[in-house]
Amino acid sequence: MKVYTIVNQKGGVAKTTTTFNLGIGLAKQGKKVLLIDADPQGSLTICMGNREPDSLEHTISTVIAEMINNDTVNKDLAIIHYDENVDLLPSNIDLSAMEASLVNVMSRETILKNYIDIVKDDYDYILIDCMPSLGIITVNALACADRVIIPAQAAYLSIKGFQALIKTINTVKRKLNPKLEIEGILLTMVDRRTNIAKMIIDEVNNAYGKVVPILQTEIPRSVAVEESIALGE
């Protein structure tokens, strides 16, 4: 079982779209997949067809609360099952309050890892969609991951802050999770027809190519992707 964390502290770079489509792609290959929405905006939860995530009774916040109070949890608590061989641990705005409450919790960086240890035998892959920040929930996601994928839009502002992100990943690797590795930077919403996109891609390769793998696959900008999210399909 492999855990992939999809992370970038910059919003709007297709973290959720990457998580969603990668999960469905793996499921189509016959893999059993758990998608974890670790963002209080609940975007992944919405993509999976839950239009009102704030109305859900049980979410990742429920699971974290149970782990804090009991050190264990019913592994089916909060998980939503789909016919496509994909499961979802949803999220909503409650996660913002939960993150704030974790400040004084012992071993707060490994709560999500403890939960994954409970459910891992049921899945081939677990994909975690992170919020656009480097807070304690994102650190939790890194602490339990085998690999990190960093989506980045081929735009100037998207690649700003990479140094802080890579530093955080290296700190988590050194102090919490020695097996953590960066799978690579995934360039998204690429429009090769524009000079600025070509310039940004060259800049990413020159600045980070010797430190972090740059995935050869580039995700082009696609109206169909936006339509699929809007339709929940």
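Note that this is a predicted model, so its numbers are computed, not measured.
Of the residues listed (V119, D121, L127), the one engaging Y123 in a side chain to side chain contact (heavy atoms under 4.5 Å, CB included) is V119, and it is the only one. Looking at I166, L215, V204 one by one, the single match for side chain to side chain contact (heavy atoms under 4.5 Å, CB included) with I185 turns out to be V204.
A search for side chain to side chain contact (heavy atoms under 4.5 Å, CB included) contacts involving T171 returns K167, R174, K175, not counting sequence neighbours. The side chain to side chain contact (heavy atoms under 4.5 Å, CB included) test applied to N140 returns I111, L112, I136, not counting sequence neighbours. For N74, the side chain to side chain contact (heavy atoms under 4.5 Å, CB included) partners two or more places apart in sequence, or in a different chain, are D76, L77.
Panel note: side chain N8, backbone P151; a donor-acceptor pair is recorded below 3.5 Å. With hydrogens and angles disregarded, a donor-acceptor distance shorter than 3.5 Å links the side chain of T188 to the backbone of V13. Of the possible polar contacts, none joining the S91 side chain to the A38 backbone as a donor-acceptor pair under 3.5 Å is found. Side-chain N or O atoms of D39 include none that pairs as donor or acceptor with a backbone N or O of D129 at under 3.5 Å. When atom types are taken as modelled, the side chain of S96 and the backbone of P40 share no donor-acceptor pair closer than 3.5 angstrom. N92 contributes no side-chain N or O that, together with a main-chain N or O of G42, makes up a donor-acceptor pair within less than 3.5 Å.
Q153 has its side chain within reach of R221: a pair of non-hydrogen atoms, C-beta onward, lies under 4.5 Å apart. Between V86 and M48 the shortest side-chain heavy-atom distance falls below 4.5 Å. For the pair Q41/P132, a side-chain contact is recorded, criterion being any heavy-atom separation below 4.5 Å from C-beta on. Between M98 and I60 the shortest side-chain heavy-atom distance does not fall below 4.5 Å.
Using a cut-off of 4.0 Å between Lys/Arg side-chain N and Asp/Glu carboxylate O, K113 and D117 are scored as salt-bridged.
Taking hydrophobic clusters as Ile, Leu, Val, Met, Phe, Trp and Tyr residues chained together by side-chain heavy-atom distances below 4.5 Å, M1 shares a cluster with V63. Linking Ile, Leu, Val, Met, Phe, Trp and Tyr residues whenever their side-chain heavy atoms come within less than 4.5 Å leaves I137 and L88 in two separate clusters. One hydrophobic cluster holds both I128 and Y115 under the rule that ILVMFWY side chains link at heavy-atom gaps under 4.5 Å. One hydrophobic cluster holds both I126 and I64 under the rule that ILVMFWY side chains link at heavy-atom gaps under 4.5 Å.
Between Y125 and Y4, the two ring planes are tilted [angle within 30° to 60°].
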Which atom pairs, donor and acceptor, lie under 3.5 Å between side-chain atoms of residues 143-150 and protein residues at least two apart or in another chain?
| residue | atom | partner | partner atom | Å |
| --- | --- | --- | --- | --- |
| D146 | OD1 | K179 | NZ | 3.3 |
| D146 | OD2 | V3 | N | 2.8 |

Identify each donor-acceptor pair in which a side-chain atom of residues 19-33 lies under 3.5 Å from a protein atom, sequence neighbours left out, and give them as a table.
| residue | atom | partner | partner atom | Å |
| --- | --- | --- | --- | --- |
| T19 | OG1 | K15 | O | 2.8 |
| N21 | ND2 | T17 | O | 2.8 |

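Rounding to the nearest 0.5 angstrom, the gap separating the CD atom in Q216 from the CG atom in L187 is 10.0 Å. If you take CG on D122 and CG on D87, they are separated by 8.5 Å, rounding to the nearest 0.5 Å. Taking CD1 of I201 as the start and CD1 of I196 as the end, the distance is 10.5 Å to the nearest 0.5 Å. Distance CD/E109 to CG/N177: 12.0 Å, rounded to 0.5 Å.
Listed by first and then second residue, the side chain to side chain donor-acceptor pair (under 3.5 Å) pairs involving residues 50-61 are N50-Y82 (not counting sequence neighbours).
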